Student: 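Sharing a structure, written as structure tokens. Questions coming.
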Amino acid sequence: MSNGILKGKRGIIFGALDDKSIAWKVAELAQKEGAEIVLTNAPIALRMGTINELAEKTNSIVIPADATSMEDLTNLYEKSMEHLGGKIDFVLHSIGMSVNVRKGKQYYDMNYDWTQKGTDVSATSFHKTIRAAWDLDAMSEWGSILGLSYIASQRVFHTYNDMADNKALLESIARSFGYHYGLRRKVRINTISQSPTLTTAGSGVAGFDGFYKFSDDLSPLGNASANDCAEYCVSLFSDYTKKVTMQNLFHDGGFSNMGMSEQVMETYMKSATGKK
Ligand SMILES: NC(=O)c1ccc[n+]([C@@H]2O[C@H](COP(=O)([O-])OP(=O)(O)OC[C@H]3O[C@@H](n4cnc5c(N)ncnc54)[C@H](O)[C@@H]3O)[C@@H](O)[C@H]2O)c1
């Protein structure tokens, strides 16, 4: 079913690697809701993933861009505006990577070169993505730019490591650039703080299954899936959310406001009393 809430809109979607990616689901739904889109990912991800299938499905083109390169990003916006025939109405930044996490380095033992690389890819690239659009004046008035975050930016989650710091910076960039872009050009910028989701990036975090289950058990509505996230993203690209900006929006089934749930209580009671 489609409501056509993105009819006539033009968007750029970063980060669809394979059909598990959150960006993949967003691209499919955005196109269904009437948008015309351009897909992009880092050149190496284009070789490893299956983005061309998505391009075919969504009747879109793929323009490679390493989101840490201003040159690539500038080229991406220029080519996208040319292809789509005008300014861009929405952008999804769905990018994350930590070398320390990948290589199993603990937070207290991090390799700073890897930390810097992770920050550049996961957080500074959000600033660059916005800045490249700003420099070219590529966004339409009332356009919407979204990044994806996780609650470890605000609370400690064992093994989330330096990605916690990267997400804190990502959320801060949405606020700071959101102020300037809102004031001067009426463009809104937000981050969505999403539940743990089974994707390549998600399952790279050590003990991901534990994260996933605990979060599902604690959230009254259960974890939000990638499809749920796509629906939320599309609503934030639409004209129904024009005055929402500079926010970190929790999309987590209620997790962020919970302390203890019946299900988690039962699990712990069982382990405390030794009952099966
Ligand atoms: N999966 C989860 O549990 C979860 C939860 C909350 C937030 N998020 C966030 O959602 C976003 C999308 O992740 P996902 O879970 O869909 O995983 P994913 O692995 O499918 O997507 C991550 C994407 O980042 C891209 N990328 C990496 N380096 C890049 C670069 N230099 N330039 C351009 N693209 C680059 C990858 O190619 C990949 O497509 C990330 O920001 C992630 O942190 C994920």
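Quick note: numbers below take in every heavy atom, side chains included, and nothing from hydrogens, waters or symmetry partners. Bear in mind that the values here come from a model prediction, so they are computed numbers and not experimental data. As the structure lists them, so they are numbered: ligands from 1, and atoms in each ligand from 1.
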Student: If you measure every N/O of Ala201 against every N/O of ligand 1, is any gap under 3.5 Å?
Tutor: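 Yes; at least one N/O pair falls below 3.5 Å.
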Student: Looking only at non-hydrogen atoms, which of Lys167, Gln194, Lys128 approaches atom 42 (C) of ligand 1 most closely?
Tutor: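 Ranked by closest heavy atom to atom 42 (C) of ligand 1, first place is Lys167.
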Student: Could you tell me how the ring of Phe177 sits relative to the ring of His127: parallel (under 30°), tilted (30 to 60°) or perpendicular (over 60°)?
Tutor: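 It falls in the tilted class, 30° to 60°.
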Student: Given Ala123, Ala42, Ser21, which one has a non-hydrogen atom that is nearest to atom 30 (C) of ligand 1?
Tutor: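 When every heavy atom of Ala123, Ala42, Ser21 is considered, Ala42 comes closest to atom 30 (C) of ligand 1.
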Student: Let me know which of Thr115, Asp113, Asp109 forms a side chain to side chain donor-acceptor pair (under 3.5 Å) with Asn100.
Tutor: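 Only one option passes, and that is Thr115.
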Student: Establish, yes or no, whether the cationic atom of Arg188 lies under 6.0 Å from the six-membered ring centre of Trp142 and within 45° of the ring axis.
Tutor: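 No, Arg188 and Trp142 do not form such a contact.
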Student: Evaluating non-hydrogen atoms only, which member of Ile51, Val121, Asp72 is closest to atom 28 (N) of ligand 1?
Tutor: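 Residue with the shortest heavy-atom distance to the ligand atom: Val121.
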Student: So with a 6.0 Å cut-off around CG of Leu183, is the heavy-atom count from everything else above 12?
Tutor: yes
Student: I need the single residue from Thr58, Leu84, Leu92, Asn59 that forms a side chain to side chain contact (heavy atoms under 4.5 Å, CB included) with Ile37. Which is it?
Tutor: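 For Ile37, the side chain to side chain contact (heavy atoms under 4.5 Å, CB included) test succeeds with only one of Thr58, Leu84, Leu92, Asn59, which is Thr58.
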Student: Ignoring hydrogens, just give me the one of Ile192, Ile95, Leu73 whose non-hydrogen atom is nearest atom 29 (C) of ligand 1.
Tutor: Ile95
Student: Does only the side chain of Phe208 get under 4.0 Å from ligand 1, or the backbone, or both, or neither? Count heavy atoms.
Tutor: side chain
Student: Have a look at Tyr77 and tell me which of Asp137, Leu136, Val38 forms a side chain to side chain contact (heavy atoms under 4.5 Å, CB included) with it.
Tutor: Leu136
Student: Once the angle between the rings of Phe237 and Phe90 is folded into 0 to 90°, is it parallel (under 30°), tilted (30 to 60°) or perpendicular (over 60°)?
Tutor: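 Rings of Phe237 and Phe90: parallel, under 30°.
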Student: So if I count the atoms of ligand 1 from 1 in the order they appear, which ones are less than 4.0 Å from some heavy atom of Leu17?
Tutor: 39 (O)
Student: Is it true that Asp120 and Lys128 have a side-chain N and a carboxylate O under 4.0 angstrom from each other?
Tutor: yes
Student: Does the pair Asp217/Lys213 count as a salt bridge with the N-to-O cut at 4.0 Å?
Tutor: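 Judged by the 4.0 Å cut-off on N to carboxylate O distance, Asp217 and Lys213 do form a salt bridge.
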Student: Run the numbers for me: atoms of ligand 1, each under 4.0 Å from some heavy atom of Asp66, listed by number.
Tutor: 30 (C), 31 (N), 32 (N)
Student: Out of Ser203, Ser94, Ser153, indicate the one that has the non-hydrogen atom closest to atom 23 (C) of ligand 1.
Tutor: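 That would be Ser94.
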Student: Nearest heavy atom to atom 8 (N) of ligand 1: which of Ser149, Gly202, Gly96 does it belong to?
Tutor: Ser149
Student: Any idea which atoms of ligand 1 are less than 4.0 Å away from a heavy-atom of Ala65?
Tutor: 32 (N), 33 (C)
Student: Between Asp162 and Lys105, does the salt bridge (charged side-chain N to carboxylate O under 4.0 Å, His left out) criterion hold? Intermediate values first, please.
Tutor: CA-CA 10 Å; Asp162 57 341; Lys105 271 272 179 198; over 6 Å; no
Student: What's the shortest distance from atom 16 (O) of ligand 1 to any protein heavy atom, and which residue and atom give it?
Tutor: Ile22 N, 3.0 Å
Student: Numbering the atoms of ligand 1 from 1, which are under 4.0 Å from a heavy atom of Thr200?
Tutor: 19 (O)
Student: Going by heavy-atom distance to atom 32 (N) of ligand 1, choose the closest among Ser69, Pro196, Ala67.
Tutor: Ala67
Student: So for Met48, does at least one of its heavy atoms come nearer than 4.0 angstrom to any atom of ligand 1?
Tutor: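 Heavy atoms of Met48 never come under 4.0 Å of ligand 1.
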Student: Could you tell me whether ligand 1 has any atom less than 4.0 Å away from a heavy atom of Ser195?
Tutor: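 Contact check Ser195 vs ligand 1: positive.
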Student: Consider ligand 1: state whether an atom of it lies below 4.0 angstrom from any non-hydrogen atom of Tyr212.
Tutor: no
Student: Could you give the side-chain donor-acceptor pairs of residues 198-205 under 3.5 Å, partners two or more places apart or in another chain?
Tutor:
residue: Thr199; atom: OG1; partner: Gly202; partner atom: N; Å: 3.0
residue: Thr200; atom: OG1; partner: Asp18; partner atom: OD2; Å: 3.3
residue: Ser203; atom: OG; partner: Thr199; partner atom: O; Å: 2.5

Student: My understanding is that we take every heavy atom of each candidate and find the minimum distance to atom 34 (N) of ligand 1. Doing that for Asn41, Thr199, Leu198, which one comes out nearest?
Tutor: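 Selected option, by shortest heavy-atom distance: Asn41.
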Student: What do you reckon, is CZ of Arg131 surrounded by more than 12 foreign heavy atoms closer than 6.0 Å?
Tutor: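 Counting other residues, nucleotides and ligands, CZ of Arg131 stays at 12 neighbours or fewer.
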Student: Rounded at 0.5 Å granularity, tell me how far CZ in Phe126 sits from CD in Glu171.
Tutor: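 It comes to 10.0 Å.
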Student: Who gets closest to atom 10 (O) of ligand 1 by heavy atom: Asp19, Leu148, Thr197?
Tutor: Leu148
Student: Provide the number and element of each atom of ligand 1 under 4.0 Å from a heavy atom of Ala45.
Tutor: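 Those of ligand 1 that fall under 4.0 Å from Ala45 are 37 (O).
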Student: Among all protein heavy atoms, pick the one closest to atom 38 (C) of ligand 1 and tell me residue, atom and distance.
Tutor: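 The protein heavy atom lying closest is Gly15 O, 3.8 Å.
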